[in-house]
Every structure is written in C-alpha cells, then in structure tokens.
Visitor: 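Here it is, the structure, as structure tokens.
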Amino acid sequence: MIGSFDHIGFQRHSRAFRAADLAVDLAGRVCLVTGGNAGLGRATAEALAKRGATVHLLCRDAGRAEVARDEIRRTSGNARVELALVDVSDLASVRRYVASAGLEKVHALVHNAGALPPSRILSADGLEFTLATHVVGPHLLTSLLATPLRAAGDARVIFVSSGGMYTQRLALDDLRWDRRSYDGVVAYAQTKRMQVVLAERWSRVFAGAGVSVYSMHPGWADTSGVQTSLPRFYKLTQRILRSPAEGADTVVWLAVCQPAPTPSGAFWFDRKARDTHYLPWTREAQATRDRLWEECQRFAGLERSDR
Ligand SMILES: NC(=O)c1ccc[n+]([C@@H]2O[C@H](COP(=O)([O-])OP(=O)(O)OC[C@H]3O[C@@H](n4cnc5c(N)ncnc54)[C@H](OP(=O)(O)O)[C@@H]3O)[C@@H](O)[C@H]2O)c1
C-alpha cells in the first residue's frame, strides 16, 4: 500500500492519466455530493463547480456547510453551489430532502459522506451509524432519485468506499453490533465492503438506462476525518498522504469523463478498475450479496414500487 495509496502512488499512477478527461464543460449538469463541506467531498464539489456544474452540497451541519458553500462559490467562481441540510444516516431526513428538492435531472450523485466513530452509535432509525451513513442512507437516496438519474440520459452514481474494505468480507449477521464488542475500524471497513457490493447491484438495476454506478477508493488523503478518527495512523503517515484533491481525483473523473468509464459496477482506484478481493477469505457467496440488497430494502423501508 505504501507507494500506492499514498502521494507517491498518486504521482506514479497519474502519469497515465489523460488531462483531457477532466476538461469537460459541466454547464447544465446537476451534481449532488453528500458530505460536501469537508475533505474529499469538498474537493469533489469544488472540482465539479470549477467545471460549471450546478452543485448541491448535502450536509448535516448548517454552520460548517454554509462556510464551505461560500468558499466553494468563491474559489470556483460559480454561484450555482447550493446547500441542502441532509443527515444521510437519518432516513426521514433523506426522504424530506428528495421530496422538497424537486430535482428533474441528476447527472452525478456522489455518496461521499462517511465517518469512523470511536464507539457504537445508533442512528435515528436504530441502525448502527456507519451502516446507516455508508449503506442504508445512500441506498435510499439512490432509490428515491432513480427517476431524475434516468432522466439525465448520462448519469453517474459513485460510492466513495475505502481500501480498508479489502480486509473484510461481507458480514451481515450482526449489523447492529448487538452481539459483538464494537470495533469502529471493523464496522467502517465492513460497511465499505457493502458499498462495493451495493454499487455492483445498482449497476445492474440501472443497466441500459444511461446510469453508471461505481465504487472507488481514494487511497490515503489528508483530511480532518483521518486526523481525528485515526490519530495514530495520521501521525505515522502524514508526510506521505495525498492532498484532498488527489484523493478526490477518481471521484471527479468517474463523474465527468466522457464517455462514461466502463464497466459500470466496477471498483476503481486512480482511474483504473481494480480487483475487489486480495484475500481469498473475504469472498462472498451470491446469496450473501442478494441478502445485502434485501436488508437494504428492508432497513430503508422500500416497497417494491420504490425500486
Ligand atoms: N481521507 C481518506 O484517506 C479516505 C480513505 C478512504 C476512504 N475515505 C472515504 O472518503 C469519504 C470522505 O472522507 P474524508 O476523509 O473526506 O472525511 P471527513 O473529512 O471527515 O469528511 C466527511 C464528510 O462527511 C460528512 N458526514 C459524515 N456523516 C454524515 C451524515 N450522516 N450525513 C451527512 N454528512 C455526513 C461530514 O460532515 P461533518 O462536517 O458535518 O462532520 C463531512 O462533510 C468517506 O466516505 C471516507 O470513508 C477517505
């Protein structure tokens, strides 16, 4: 991972990048970024705004988000940066947002919001917080936005996962952590594994509809999330971390590159589709993958007609 996930890795991999891929005029395109007020989400939002998109920041804290919105408007020179107060872990908040936003077309939906809590927290709906924020909330948001995503003609849905997911298999037996002693790093990595499987499934749901779905990992980037959630890791790696813009590069590339990168459903790192397993014991059965979808549908309170 050293020499790959870090800044050196980005420099090495980026030699193969084509600058023209990001030279895209996004005027008229609507892009949604959850957790767009900080770290990678903010870097993503800024890059999209600089290319002329209308960017909606979906954030949970009004104070932090207003400051970020104003700064992104200033640095991008784009006034079409909007703010919506959404707590992705709270299903009622997600539903309220979609009902009130009245979006006719969505060209990019970036599921970036993420956290690694030190102890078990339950969401407003009684779900473990990383499951709610990384998996169930994004699942509901994707489902409720299916019509405007299809209407865009060329839309991208991107799950910002993590390289940490390589350490975990798809584990669905104790999703609330009632029977295990809570480990935030494991909960985080397990839900990041779920995002990868969920993206593959959504890509099949949207196949042929002009909606590409991806998961990706950003490598190791210097953000406040890493500084506060992984202080020891940060101390060891801070000199070699990527900048937020470097970490966000593949998110932006997946959102804007023309034509849409293929295959839809794949897991990406530094603009390349990558294996989803390096350890044999992390491989899951199709039945477990199907069960993840069913659990997401159930937790999100989705009826068949919402799919
Ligand atoms: N940085 C890395 O090296 C790295 C590596 C692998 C994966 N990632 C992934 O990249 C994504 C961004 O991480 P980051 O490093 O930029 O973290 P960060 O600096 O902590 O930013 C996380 C963002 O998500 C928001 N957020 C968290 N929970 C939310 C919720 N329930 N509803 C709405 N917004 C919420 C935060 O809002 P507040 O400001 O209100 O807290 C913040 O805007 C995460 O999904 C993370 O797992 C990052």
Side-chain angles (χ1 to χ4, degrees), residues 1 4-7 9-10 32-46 56-69 72 83-94 96-97 110-117 121-125 127-138 140-141 158-167 184-185 187-196 199 215-231 233-234 236-238 240-252 267-270:
M1 292 178 292
S4 178
F5 286 19
D6 55 11
H7 171 68
F10 182 80
L32 276 48
V33 184
T34 68
N37 62 287
L40 304 183
R42 178 175 165 159
T44 300
E46 194 166 274
H56 296 252
L57 310 172
L58 276 56
C59 302
R60 60 181 173 176
D61 181 275
R64 283 195 290 273
E66 279 165 14
V67 171
R69 177 200 57 197
I72 296 170
L83 170 59
L85 284 184
V86 184
D87 182 335
V88 178
S89 75
D90 179 345
L91 300 173
S93 173
V94 172
R96 269 196 307 276
Y97 166 67
V110 181
H111 294 304
N112 163 79
L116 195 166
I121 303 170
L122 295 183
S123 72
D125 305 283
L127 303 173
E128 187 279 321
F129 185 77
T130 65
L131 179 77
T133 303
H134 301 156
V135 181
V136 182
L140 178 62
L141 189 55
I158 301 151
F159 287 82
V160 180
S161 178
S162 163
M165 74 91 193
Y166 279 119
T167 64
V185 173
Y188 173 88
Q190 288 185 342
T191 53
K192 292 290 169 182
R193 165 68 70 189
M194 291 176 208
Q195 290 184 313
V196 174
S215 59
M216 57 75 65
H217 86 88
W220 298 330
D222 190 345
T223 64
S224 57
V226 172
Q227 290 165 26
T228 53
S229 302
L230 297 169
F233 172 79
Y234 183 71
L236 285 172
T237 60
Q238 59 177 309
I240 60 167
L241 293 177
R242 298 173 174 216
S243 69
E246 290 170 345
D249 172 82
T250 295
V251 184
V252 177
F267 178 61
W268 300 76
F269 172 54
D270 283 348

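Counting starts at 1 for both ligands and their atoms, in listed order. Computed from a predicted model, the values in this text were never measured in an experiment.
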Visitor: For C59, is at least one N or O under 3.5 Å away from an N or O on ligand 1?
Guide: no
Visitor: Name the option, out of F5, Y188, F159, F233, that contains the heavy atom nearest to atom 8 (N) of ligand 1.
Guide: Y188
Visitor: Which residue from T223, V226, L230 reaches closest to atom 15 (O) of ligand 1 through any of its heavy atoms?
Guide: T223
Visitor: Between T250 and D270 (side chain of the first, backbone of the second, donor and acceptor by atom type, cut-off under 3.5 Å), is there such a pair?
Guide: yes
Visitor: Would you mind finding which of M216, R64, Q195 brings a heavy atom closest to atom 38 (P) of ligand 1?
Guide: R64
Visitor: Provide the number and element of each atom of ligand 1 under 4.0 Å from a heavy atom of S162.
Guide: 6 (C), 7 (C)
Visitor: Spell out, as yes or no, whether a donor-acceptor pair under 3.5 Å connects the side chain of Q195 to the backbone of S215.
Guide: no
Visitor: Less than 3.5 Å between some nitrogen or oxygen of H134 and one of ligand 1, yes or no?
Guide: no
Visitor: Can you check whether L40 has an N/O within less than 3.5 Å of an N/O in ligand 1?
Guide: yes
Visitor: If hydrogens are left out, which of G114, G39, A248, A38 has an atom nearest to atom 22 (C) of ligand 1, that is, the closest non-hydrogen atom?
Guide: G114
Visitor: Quick one: does any side-chain atom of S93 pair with a main-chain N or O of V86 as donor and acceptor, under 3.5 Å?
Guide: no
Visitor: For ligand 1, which atoms, with element, lie under 4.0 Å from some heavy atom of S161?
Guide: 6 (C), 7 (C), 8 (N), 9 (C)
Visitor: Does the N or O separation between G163 and ligand 1 drop below 3.5 Å for any pair?
Guide: no
Visitor: Using a 4.0 Å heavy-atom cut-off, which part of A132 comes near ligand 1: side chain, backbone, both, or neither?
Guide: neither
Visitor: Quick test: of every protein heavy atom, which one is nearest to atom 25 (C) of ligand 1, and how far off is it to 0.1 Å?
Guide: G35 CA, 3.6 Å
Visitor: I'd like to know if the side chain of T44 and the backbone of V252 have a donor-acceptor N/O pair within less than 3.5 Å.
Guide: no
Visitor: Where the side chain of H134 meets the backbone of A115, is there a donor-acceptor pair that is under 3.5 Å apart?
Guide: yes
Visitor: Check each atom of ligand 1 against the heavy atoms of P218 and keep those under 4.0 Å away; list them by number with element.
Guide: 4 (C), 5 (C), 6 (C), 7 (C), 8 (N), 48 (C)
Visitor: Is there a donor-acceptor pair closer than 3.5 Å between any side-chain N or O of T34 and the backbone N or O of A113?
Guide: yes
Visitor: Using the side-chain contact (heavy atoms from CB on, under 4.5 Å) rule, pick out the option among L116, L236, T237 that qualifies with L230.
Guide: L116
Visitor: Is the closest N or O pair between W220 and ligand 1 shorter than 3.5 Å?
Guide: no
Visitor: So which bit of L116 gets within less than 4.0 Å of ligand 1, heavy atoms only: side chain, backbone, both or neither?
Guide: neither
Visitor: Quick check against the 3.5 Å criterion: does S229 have a side-chain atom that pairs as donor or acceptor with the backbone of V226?
Guide: no
Visitor: What class does the angle between the rings of F269 and H217 fall in, given that below 30° is parallel, 30 to 60° is tilted and above 60° is perpendicular?
Guide: parallel
Visitor: Restricting to non-hydrogen atoms, name the atom on N37 and the atom on R64 that form the minimum distance, rounded to 0.1 Å.
Guide: ND2-CB, 3.7 Å
Visitor: Report, in ascending order of atom number, the atoms of ligand 1 lying under 4.0 Å from any heavy atom of V88.
Guide: 30 (C), 31 (N), 32 (N), 33 (C)
Visitor: Is there a heavy atom in T228 that sits closer than 4.0 Å to ligand 1?
Guide: no
Visitor: Between D125 (side chain) and L91 (backbone), is there a donor-acceptor pair under 3.5 Å?
Guide: yes
Visitor: Examine the side chains of D222 and Q227 and answer whether a donor and an acceptor come within less than 3.5 Å of each other.
Guide: yes
Visitor: Answer with yes or no whether G219 contacts ligand 1, where contact means a heavy atom under 4.0 Å from a ligand atom.
Guide: yes
Visitor: Against heavy atoms of G225, which atoms of ligand 1 measure under 4.0 Å?
Guide: 17 (O), 18 (P), 19 (O), 20 (O)
Visitor: Going by the atom numbers of ligand 1, which of them fall below 4.0 Å from some non-hydrogen atom of S224?
Guide: 19 (O)
Visitor: I want to confirm something. Looking only at heavy atoms, which of V86, T130, V33, D6 is nearest to atom 33 (C) of ligand 1?
Guide: V86
Visitor: What part of T133 sits under 4.0 Å from ligand 1 if we count only heavy atoms: the side chain, the backbone, both or neither?
Guide: side chain
Visitor: For atom 26 (N) of ligand 1, what is the closest protein heavy atom, and at what distance to 0.1 Å?
Guide: A113 CB, 3.7 Å
Visitor: Any atoms of ligand 1 less than 4.0 Å from a non-hydrogen atom of D87? List them with their elements.
Guide: 30 (C), 31 (N), 32 (N)
Visitor: Quick check on contacts: which atoms of ligand 1 are under 4.0 angstrom from a heavy atom of S89?
Guide: 31 (N)
Visitor: State whether the shortest distance between N or O atoms of A115 and N or O atoms of ligand 1 falls below 3.5 angstrom.
Guide: no
Visitor: Between L241 and Y234, is there a side-chain heavy-atom distance shorter than 4.5 Å?
Guide: yes
Visitor: Can you tell me which portion of K192 lies within the under-4.0 Å heavy-atom range of ligand 1? Options are side chain, backbone, both, or neither.
Guide: side chain
Visitor: May I ask you to test the L83-C59 pair for a side-chain heavy-atom distance under 4.5 Å?
Guide: yes
Visitor: Donor-acceptor pair, N112 side chain versus G35 backbone, under 3.5 Å?
Guide: yes
Visitor: If you have a sec, work out which protein heavy atom is nearest atom 45 (O) of ligand 1 and how many Å separate them, to one decimal?
Guide: N112 O, 2.7 Å
